[in-house]
There are 2 protein chains.
Amino acid sequence: MDSNALFRKFVAFTVSVHEMTNEMAKEVRSEAITLVQYKILQYIAVSQPVTLSEISDCMHMSMPNTSRELKKLSEKQLCEKVADNEDRRKQFIRLSAKGEAMMNDAFQRIEARFAERVGAISPDEMKEIERALDLLRAKVFY
Amino acid sequence: MDSNALFRKFVAFTVSVHEMTNEMAKEVRSEAITLVQYKILQYIAVSQPVTLSEISDCMHMSMPNTSRELKKLSEKQLCEKVADNEDRRKQFIRLSAKGEAMMNDAFQRIEARFAERVGAISPDEMKEIERALDLLRAKVFY
DNA sequence: CCCTTTACTTATCGATTGATAAGTAAAAAG
DNA sequence: CTTTTTACTTATCAATCGATAAGTAAAGGG
């Protein structure tokens, strides 16, 4: 297998990942928030505490737009901003209790779909999948 | 490792995939098209020929919106619709020569970034990555 | 042959989004 | 101690997008 064929496989793979995650996000997200806001909450949930700049970088949104969306999420009481005492320009952003509840609910529902999809897998298979995720994250999607 | 930990890893993984692919799409896509249109072209490139319904399903867009975006892409002469002789309600959608050229250019640039990222890998590592992609596609992202 | 379903189109409308300009306040650099 | 840079905010505006209603034309089923 040459490098070009591997690359084609990589592209097709990313298309599949997008298809599946978008499907899950659609099923799972509350109607109180938009898809963009859901993705921001998901990122915060996975990486908290985060700064606004980090969200902006990771989501590839401009700072003004990130700030606006975060304001909306704060107004909906789904996340909180805590000033950094070391550097008062910065703020650490975390999910609020309500945000945690919403995301836990969403994650549980995705997890149910994930479990259903992965099926009754053996511990060996689980390890295999885990190793594959680790490998790709380390070498490709870092 | 329990199933929940694997699930968390899965979520973090999908966030990474999104981050990387969005970054690449931003770098690579022509300003003549929107991000949504770029993703549609990418899907067509990987799966052609496709029907409008398939694009609609895979991209999780409604048929009217898919039809509209496809019309825009046709007007830009980036894709073509060919009626199916078996079932004249259907149409097969393909990239036009211009669309192929645009996507080949985009893919080449992504491939360069991919190669840079994967680095000078050994054939063994390449096989490992390939197997990981295959495994995850078969068991998780199908 | 009619009725229903499938595949797709056209049109409309409000909400979300992205881009940009301009500003604040704190930290770091000179 | 002034200047610059960093981190973030506020405001504005057009473009895009998602959702919905209504329609066409071909295929399939009874």
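Every chain is numbered from 1, with letters handed out A, B, ... down the list of sequences.
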Write down the distance between CE (Met61(A)) and P (dT16(C)), rounded to a whole number of angstrom. 13 Å
Could you give the distance from CG (Leu73(B)) to CD1 (Ile55(B)), rounded to the nearest 0.5 Å? 8.5 Å
Measure CG/Leu35(A) against P/dG18(C) and give the value in whole Å, please. 11 Å
Determine the sole option in Phe114(A), Tyr142(A), Phe141(A) for which the ring pair (Phe, Tyr, Trp, His ring centres under 6.0 Å) test with Phe13(B) is passed. Phe141(A)
Euclidean distance, atom CE of residue Met59(B) to atom P of dC17(D) [Å, nearest integer]: 10 Å
Whole-Å distance, Lys72(B) NZ to dA11(C) P, equals 14 Å
When the distance from NZ of Lys39(B) to P of dG18(D) is rounded to whole Å, what number comes out? 10 Å
Could you check whether Glu27(A) pairs with Arg109(A) (Lys NZ or Arg NE/NH1/NH2 to Asp/Glu carboxylate O, under 4.0 Å)? no
side-chain N/O Ser62(A) vs dT20(C) OP1/OP2, d < 4.0 Å: no
First locate atom CD1 of Ile93(B), then atom CG of Leu70(B), and finally report the distance between them rounded to the nearest 0.5 Å. 4.0 Å
Over how many whole Å does the gap from Lys26(B) atom NZ to dT17(C) atom P extend? 13 Å
Please step through side chain to side chain contact (heavy atoms under 4.5 Å, CB included) for the pair Tyr43(A) and Glu54(A), ending with a clear verdict. CA-CA 10 Å; Tyr43(A) 175 65; Glu54(A) 285 169 340; 4.0 Å; yes
Euclidean distance, atom CG of residue Asp84(B) to atom C1' of dA25(D) [Å, nearest integer]: 15 Å
Interatomic distance where CD belongs to Gln37(B) and P belongs to dC17(D) [whole Å]: 6 Å
Encode nucleotides 1-11 of chain D as B, S and - characters from 5' to 3', where the letter depends on protein heavy atoms closer than 4.0 Å: B to the base, S only to sugar-phosphate, - to neither. -----BSBBBB
Verify the ring-centre separation between Phe107(A) and Phe10(B): is it less than 6.0 angstrom? no
